[in-house]
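A short worksheet on the structure shown next.
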There are 2 protein chains.
Amino acid sequence: MARSGADLALLLLGGFRALADAASAELAKRGHENIRPVHDFAIRTIDAGADTASELARQLGVSKQAAAKTIGFLEQRGYVSGEVDPRDSRRRRFTVTDEGHALLRTGEQVFDELRAQWAERIGTTELERLEEALSDLGIRIPTRFDVPGYLTNPPTD
Amino acid sequence: MARSGADLALLLLGGFRALADAASAELAKRGHENIRPVHDFAIRTIDAGADTASELARQLGVSKQAAAKTIGFLEQRGYVSGEVDPRDSRRRRFTVTDEGHALLRTGEQVFDELRAQWAERIGTTELERLEEALSDLGIRIPTRFDVPGYLTNPPTD
DNA sequence: ACGGTTTTGACAACTAGGTTGTCTATAGAC
DNA sequence: GTCTATAGACAACCTAGTTGTCAAAACCGT
């Protein structure tokens with residue numbers, strides 16, 4: 001019997017949730033509490049050069065205020081630190097701290113470990129096949145997952 | 001080169017998003033605007049017997065107020081209709097209307113069509129293998145996806 | 001060098017989808 | 001018949017966003 005399309009969607013969501021929740025829990029154990037994918041993503045984007053709130057907002061496709069709030073959290077937690085740009089005193093330029101880089105490394109590691117656990121369970125071949133299939137479907141890596149009510153609201157684009 | 005665990009997570013999320021967004025858009029075209037998976041799920045749960053706000057709340061694992069709000073939306077849109085229980089005047093008992101059943105049918109159909117599109121692109125075998133792999137991983141179908149900021153907040157359970 | 005336009009980041013007010021706590025009315029139990 | 005539990009409503013709050021407004025600073029064209 002063929003599965004239904006709805007089941008397929010829920011399997012994908014369930015898979016993501018399983019990974020994301022496990023990763024968040026594991027990160028908490030390793031000293032990074034309340035970290036979710038969005039924070040990792042934001043730090044990465046800052047590290048890649050989006051070093052002001054406005055620029056981060058543009059790169060992430062959110063409002064400046066939302067980006068500023070995220071930066072506020074990251075700064076308060078010590079993952080990034082910011083100083084006023086001497087050449088443009090409107091700007092505060094942010095850099096990723098050692099702690100921030102440590103978070104990125106740990107995050108990668110945790111996800112890789114989880115992936116390895118999956119590979120153990122169903123076999124490396126099968127897992128790679130799954131990834132290959134999703135890639136072949138042209139699934140683009142989402143660049144925004146910090147949309148509130150994403151699952152309940154209609155897409156705005 | 002082996003993919004990273006983080007990419008795997010994003011692929012899964014991207015896959016779900018692709019399906020959910022396409023389904024929502026297609027449902028809108030067919031006369032059901034602003035419908036998201038959560039509404040389908042709620043209607044199904046009511047149809048399965050959770051015919052009061054409190055019962056729906058329990059089944060969905062959300063607060064009574066959240067359930068009442070969802071029911072309010074569904075009622076206003078004509079997908080369910082409610083009357084005071086003659087044997088317990090505290091309760092309002094809801095039933096799924098014809099319109100509600102039509103939405104469920106259309107929703108199923110839309111998802112099945114999307115799945116068929118995927119099957120065309122990567123082959124039925126490959127798609128079934130993907131589903132099989134996820135099932136084998138013990139991914140449980142999420143019963144709650146109406147959590148705000150789900151992707152940004154730590155899990156509460 | 002001055003004046004108009006753009007950009008930065010902050011503030012306030014709002015939305016959507018949740019939460020908890022309090023309350024009344026009704027129902028059920030001993 | 002009182003005591004307890006349940007249904008649903010209301011208010012207040014939370015979180016992660018949004019838009020609009022604004023002052024200060026920077027950029028640009030004449």
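In what follows, every chain begins at residue 1, and chains take the letters A, B, ... in the order their sequences are listed. Just so you know, these numbers use all the heavy atoms, side chains as well, and skip hydrogens, waters and symmetry mates.
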Take the protein atom CZ of B/R87 and the nucleotide atom P of D/dA7, then report the distance between them rounded to whole Å. 15 Å

Within the modelled atom types, does a donor on one side and an acceptor on the other bring the side chain of A/Q65 and the base of D/dG20 under 3.5 Å apart? yes

Just how far, in rounded Å, is P of D/dT6 from CG of B/D88? 12 Å

Which pair of heavy atoms, one from A/A42 and one from A/L74, lies closest together, and at what distance? CB-CD1, 4.0 Å

If I take atom NZ in residue B/K64 and atom C1' in nucleotide C/dT20, what distance separates them, rounded to the nearest angstrom? 11 Å

Where B/L27 and B/L103 come nearest, the two heavy atoms and their spacing: CD2-CD1, 4.1 Å

Pairwise 5' ranking along DNA chain D for B/T52 and A/D85, keeping only the more 5' one: B/T52

Any B/S89 side-chain nitrogen or oxygen under 4.0 Å from OP1 or OP2 of C/dA27: yes

Close side-chain approach of B/Y79 to B/H101, heavy-atom, < 4.5 Å: no

A/S54 side-chain N/O to C/dT8 phosphate OP1/OP2 under 4.0 Å: yes

My understanding is that only one of B/I122, B/L130, B/T124 makes a side chain to side chain contact (heavy atoms under 4.5 Å, CB included) with B/E126; could you say which? B/I122

Just to be sure I understand the rule, does B/R93 reach a base, reach only the sugar-phosphate, or reach nothing, if contact means heavy atoms closer than 4.0 Å? nothing

Given the structure, check if the side chain of A/R91 and the base of C/dT8 hold any donor-acceptor pair shorter than 3.5 Å. no

Given D/dA5, C/dG9, D/dG8, the nucleotide with the shortest approach to the side chain of B/R90: D/dA5

Closest-nucleotide mapping onto DNA chain D: is A/P86 or A/A67 further toward the 5' terminus? I mean the 5' end. A/A67

Give the rounded distance in Å between these two atoms: CG of B/L60 and C1' of C/dT19. 15 Å

Value in whole Å for how far the P atom of D/dT15 lies from CZ of A/F73: 11 Å

When you look at B/K64 and B/E55, which way does the salt bridge (charged side-chain N to carboxylate O under 4.0 Å, His left out) test go after all the steps? CA-CA 8 Å; B/K64 286 188 294 181; B/E55 187 54 30; over 6 Å; no

Rounded to the nearest angstrom, tell me the gap between atom NZ in A/K69 and atom C1' in D/dT15. 7 Å

Among D/dA9, C/dT8, D/dA7, the one nearest any side-chain atom of B/R58 is D/dA7

Which nucleotide wins on minimum distance to the side chain of B/S63, given the candidates C/dT19, D/dA7, C/dG18? C/dT19

